[in-house]
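See structure below.
Lettering of chains follows the sequences in order, A, B, ..., and the numbering in each one begins at 1. Both backbone and side-chain heavy atoms feed into the values below; hydrogens, waters and symmetry mates do not.
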2 protein chains.
Amino acid sequence: MASDTATSLKVERKPKLSETVVAAIRKQLQAGEIQPGQKLPTEGQLTDTFGVSRTVIREALAKLAADGLVEPRQGAGVFVTEHISTMFGALAADMGSKDSIALNVLEVRLAIEIESAGLAAIRRNAAQEAGIQEAFFEFERLLLNSEPTGPADLAFHRAIASATNNPFYVEMLDVLGRRAIPCDVTSPWSTELAQSDVYQRGLQREHLVILNAITAGDAEAAREAMRAHLTASQQRYRERLHARQVFYADSVRAAATE
Amino acid sequence: MASDTATSLKVERKPKLSETVVAAIRKQLQAGEIQPGQKLPTEGQLTDTFGVSRTVIREALAKLAADGLVEPRQGAGVFVTEHISTMFGALAADMGSKDSIALNVLEVRLAIEIESAGLAAIRRNAAQEAGIQEAFFEFERLLLNSEPTGPADLAFHRAIASATNNPFYVEMLDVLGRRAIPCDVTSPWSTELAQSDVYQRGLQREHLVILNAITAGDAEAAREAMRAHLTASQQRYRERLHARQVFYADSVRAAATE
DNA sequence: GCGCAAAAGTCATCATACAAAAATCCATTT
DNA sequence: AAATGGATTTTTGTATGATGACTTTTGCGC
């Protein structure tokens with residue numbers, strides 16, 4: 001009964017065909033390959049390009065329509081919705097890669113993620129909960145193998161946003177996360193300290209608190225755990241900025257004295 | 001801009017068959033006729049009970065699954081999700097996808113504003129605190145003069161976002177607020193009930209709690225007050241959507257009998 | 001009883017056909 | 001020549017039947 005998720009380390013869900021199609025079209029829409037208000041290829045064309053039946057295509061389009069990304073009109077075609085991408089476009093446009101901006105964006109992301117953790121604790125279903133656990137254990141596995149954990153970290157947060165059943169949370173996270181990823185990933189100056197084992201162990205410990213709160217269905221605890229995690233990440237980010245500053249100062253001084 | 005539907009009083013929506021089925025099943029789920037974790041009737045049975053093709057049934061089930069209410073398992077059946085938020089299911093029950101999107105956006109805005117209230121309590125400077133107070137008393141003045149308070153309400157929230165000293169918060173608020181404004185402003189269908197004096201008095205009372213918490217520098221209290229305010233607004237929004245639905249149903253019935 | 005294979009039930013996908021609405025084309029009319 | 005109106009085509013919505021994959025249950029042999 002309730003022990004279904006107890007021992008399920010790997011969930012190995014069957015990726016339904018329609019979901020892959022949804023992902024593909026989503027990517028195209030986010031890349032702006034089809035402008036808002038414009039018509040998508042017809043169902044017939046899509047069946048050809050993706051090599052699946054019209055049933056699958058229709059299911060995928062229905063899902064996109066449910067998320068408000070497209071809008072089918074009988075006899076006319078399927079059209080890209082206006083407002084969504086413009087919103088994200090506006091946001092994504094004017095944040096560069098400056099550190100001060102990154103900190104501000106991180107702060108907005110904090111707001112989004114705290115609330116999404118709380119909602120995930122309430123609204124998640126079994127599959128979504130399994131998805132979060134899966135990402136958690138993937139992080140664990142990579143950590144033991146000393147492989148880069150960045151993607152798994154992102155996947156963990158993304159799974160939580162997805163468990164809110166509000167598609168805007170995950171979209172928001174995608175847009176914000178692409179610009180300012182707090183933890184590690186491929187920032188050119190965070191190669192050594194940030195990737196240390198104790199550092200990542202600490203991350204995982206914080207993740208566990210979040211995971212426990214969500215599986216327990218405790219929204220308040222989930223929010224608090226996520227807040228603690230992200231404020232700690234914020235702090236680590238600041239420290240790294242400071243460390244880089246010190247490093248530069250030292251190198252400048254060394255160059256002057258030699 | 002968004003007033004394209006203002007002059008078209010009649011519902012120009014063709015209710016897709018699947019949407020009818022979705023509404024029906026949603027109502028059943030909400031009524032608790034099928035307990036969480038239990039299996040729904042099979043697709044074949046549903047085709048009989050609703051008198052539509054299996055295509056429609058599948059589309060409806062896919063939509064319910066997209067909202068996280070049910071969870072299909074190949075070879076086993078379609079099961080009701082364990083942790084369903086009755087709130088969400090209820091509010092998305094019988095409205096078009098457009099309103100459902102608006103509610104999702106509103107939910108994101110809730111996340112942003114809660115955190116911004118907390119930050120404003122900590123980071124505000126004297127001028128910003130004065131700005132928040134000014135907006136508050138402007139609302140009061142308009143209320144006494146029976147003038148529309150919409151802009152002042154928006155200004156109050158904007159002043160709080162501005163007091164975070166993080167420009168992204170106010171920008172976020174602008175982008176989100178332009179799409180889905182929860183309070184009142186110029187929604188074409190919120191002319192009477194929503195503008196009542198007691199309604200706006202209630203808003204102002206909630207505003208006061210927020211203002212007090214911010215001026216006291218109590219971030220936790222500010223967040224809680226803002227959360228209370230916005231969830232209450234969400235509730236009011238829901239009720240208005242429902243009222244509109246009833247209105248349309250009445251007008252349709254009247255048109256049929258005349 | 002227990003284990004295992006067969007069978008039935010169920011969702012996922014495919015293929016085809018027709019209906020309905022919109023867009024386009026074209027002929028008729030002004 | 002321009003405009004109007006209807007016929008044709010395109011495209012989504014719905015219906016139907018069939019097949020495969022997966023899950024659950026049943027039944028059989030031991």
Among [options], which is the nearest nucleotide to the side chain of [X]?
| X | options | result |
| --- | --- | --- |
| B:Thr55 | C:dA12, D:dT16, C:dC14 | D:dT16 |
| A:Gln74 | D:dT12, D:dA15, C:dA12 | D:dT12 |
| A:Val52 | C:dC14, D:dT12, D:dG20 | C:dC14 |
| A:Ala76 | D:dT23, C:dA22, C:dT13 | C:dA22 |

I need the [atom1]-[atom2] distance between [X] and [N], as an integer number of Å.
| X | N | atom1 | atom2 | value |
| --- | --- | --- | --- | --- |
| B:Ile57 | C:dT13 | CD1 | P | 18 Å |
| A:Phe50 | C:dC14 | CZ | C1' | 17 Å |
| A:Phe79 | D:dT10 | CZ | C1' | 12 Å |
| B:Glu59 | D:dA15 | CD | C1' | 13 Å |
| B:Gln45 | C:dG9 | CD | C1' | 11 Å |
| A:Leu61 | D:dT12 | CG | P | 8 Å |
| B:Arg58 | D:dA15 | CZ | P | 15 Å |
| A:Glu71 | D:dG13 | CD | C1' | 16 Å |

For [X], run the side chain to side chain contact (heavy atoms under 4.5 Å, CB included) check against [options] and tell me which one passes.
| X | options | result |
| --- | --- | --- |
| A:Ile210 | A:Met226, A:Arg223, A:Glu113, A:Glu224 | A:Met226 |
| B:Val56 | B:Thr20, B:Val22, B:Val21 | B:Val21 |
| A:His229 | A:Ile114, A:Leu110, A:Leu203 | A:Leu203 |

Would you check, one step at a time, whether the test side chain to side chain contact (heavy atoms under 4.5 Å, CB included) holds for A:Glu140 with A:Leu208?
CA-CA 11 Å; A:Glu140 189 81 13; A:Leu208 181 58; over 6 Å; no

Considering every strand and a 4.0 Å limit on heavy-atom distances, what is the contact class for A:Leu17: base, sugar-phosphate, or nothing?
sugar-phosphate

Heavy atoms only, 4.0 Å cut-off, all strands: where does A:Thr42 land among base, sugar-phosphate and nothing?
sugar-phosphate

Just to confirm, is there a sub-4.0 Å distance from OP1 or OP2 of [N] to any side-chain nitrogen or oxygen of [X]?
| X | N | result |
| --- | --- | --- |
| B:Ser53 | D:dA15 | yes |
| A:Lys16 | C:dC11 | no |
| A:Arg54 | C:dT13 | no |
| A:Arg73 | C:dA22 | no |

B:Arg158 CZ: over 12 foreign heavy atoms closer than 6.0 Å
no

Residue closer to the 5' end of DNA chain C, A:Gly51 versus A:Gly75 (nearest nucleotide):
A:Gly51

